[in-house]
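The block underneath contains the structure these notes are about, expressed in structure tokens.
Scope of the values below: all heavy atoms of this structure, side chains included, with no hydrogens, waters or symmetry mates. A note on names: the letters A, B, ... follow the listed sequences, proteins ahead of strands, and every chain is numbered from 1.
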Protein chains: 2
Amino acid sequence: MKEHALLTNKEQKTYDFIEKYSKKNGKHPLLDEIAKGIGIKSKGVAHRYVKALEKAGKLKRISNKHRGMILQEKKSIFFKSLGKIAAGGPIEAITDQQRIELEYLFTNKRSFALKVTGDSMIDAGIHDGDWVIIEEGAKVYKSKVHVVLIDNQDVTLKFVEKINTSEIKLIPANKKFKETIYPFERISIQGHVVGQVRIY
Amino acid sequence: MKEHALLTNKEQKTYDFIEKYSKKNGKHPLLDEIAKGIGIKSKGVAHRYVKALEKAGKLKRISNKHRGMILQEKKSIFFKSLGKIAAGGPIEAITDQQRIELEYLFTNKRSFALKVTGDSMIDAGIHDGDWVIIEEGAKVYKSKVHVVLIDNQDVTLKFVEKINTSEIKLIPANKKFKETIYPFERISIQGHVVGQVRIY
DNA sequence: TCATAAAGTTCTCAATAAGTTCTCATATGT
DNA sequence: ACATATGAGAACTTATTGAGAACTTTATGA
């Protein structure tokens, strides 16, 4: 079997058929349906093509499962047409790393999103109306923005600093706001900001 | 049985029936009703399908309880566990509207992303290292941030203003940078910013 | 309360459908 | 000659589906 990622004629034809079938029927085809769809009789051969497509990264298979295949989206979640603007410009290539971070941001079960109200973190680039993605956890990180619950009632975004064994300092990123100090009992760290989304 | 997201024909049929029944009757069906609804006689088999749906995350079951099942909502891209922090806090409910906007942002074919270099737009909350999502188009919008190609070579983010029939003004959002004026011929508007993502 | 009916759960047996692996075969280009 | 691409089809394994018995738990009404 081949090692390269290029598809042969029939493999491409198989892929096209699977894509068309899936879009039309809302489910993936059977091997016999693929065989018929690409004009051959042997489901064994169809199976061979599907495995080749898996190897080429075009789809994932679930072994033995009926209709057990899932087309792989070109889903760099949205970094689609990058590099379009101009050659030579200050455009960074997209690395898989970035893509993975994004997927993590958007699918991690221990994270959720909050809509920001107010300007207390504006110097950290967090504006009124932004969405921040929060990773749950009570841990305090230096120079990270935290979600802090005060008196079991008010939620706020602030930098956090432990100042001694019983008190904690909340630091806004806006010179118009003051730093405040609370005893541990009144404070609960809900998580910290790992991402941010703004929709214009 | 293994765990995968794909449903078999009968599992899908079972799900559809439960959904339809629930909507119509305001309560979930009995196993015998499911069996009849999907055209089989054995409630044991119906039970097997319901368990499969639970495994696939399509519903939750309450063991032994009559009509003990709850359909799971379809999940939005990432605004998952919102409202978790505290009742009474300044947390906005997620509307479907927001979800749709996000999906649009991330999947629209006429948009792409750029990584920001430099601080020329920092007063607009666009920081070095941020990703901006660009919607393609040559149109100029007042008070929107545009991607501008200068001399077919340099790409920059700026506010844009037409000042007369032959010249255009590029306005940074940082007092340390100056506004600049270019003739139309040297400028090409590539698109404008519709979204922004930051990963901490 | 408590007996009883109703509903959920677990199980085996079975038949069929679909996926998997294999050999054999032909053609094609290097 | 040799590797690659392609196709047929047999033999085998696993998944899917269905029936129904036996059992446990829940709901209900006298």
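- Counting non-hydrogen atoms under 4.0 angstrom, B:Lys51 reaches the backbone sugars and phosphates but no base.
- Atom CG of A:Asn9 sits in a sparse spot, with 12 or fewer heavy atoms from other residues, nucleotides or ligands closer than 6.0 Å.
- Of the listed nucleotides (C:dT10, D:dA19, C:dG19), D:dA19 has the atom at the smallest distance from the side chain of B:Val45.
- Within 3.5 Å, a donor on the side chain of A:Ser42 pairs with an acceptor on the base of D:dG9, or the reverse.
- Between the side chain of A:Lys43 and the base of C:dG19, a donor-acceptor pair under 3.5 Å is found.
- Within 6.0 Å of the NZ atom in A:Lys144, the count of heavy atoms belonging to other residues, nucleotides or ligands exceeds 12.
- As judged by a 4.0 angstrom heavy-atom cut-off over every strand, B:Ile40 is placed among residues touching the sugar-phosphate backbone only.
- With C:dT9, D:dT6, D:dA8 as the choices, the nucleotide that has an atom nearest any side-chain atom of A:Thr8 turns out to be D:dT6.
- The nucleotide whose nearest atom lies closest to any side-chain atom of A:Tyr49 is, among C:dT20, D:dT16, D:dT6, D:dT6.
- Using a 4.0 Å heavy-atom criterion, one finds that B:Lys65 contacts the sugar-phosphate atoms exclusively.
- Here B:Leu31 lies in heavy-atom contact (under 4.0 Å) with a base.
- In this structure, of C:dT20, D:dA8, D:dT26, it is C:dT20 that holds the atom nearest to the side chain of A:Arg61.
- A distance of 12.5 Å separates CD1 of A:Ile38 from CD of A:Glu33, quoted to the nearest 0.5 Å.
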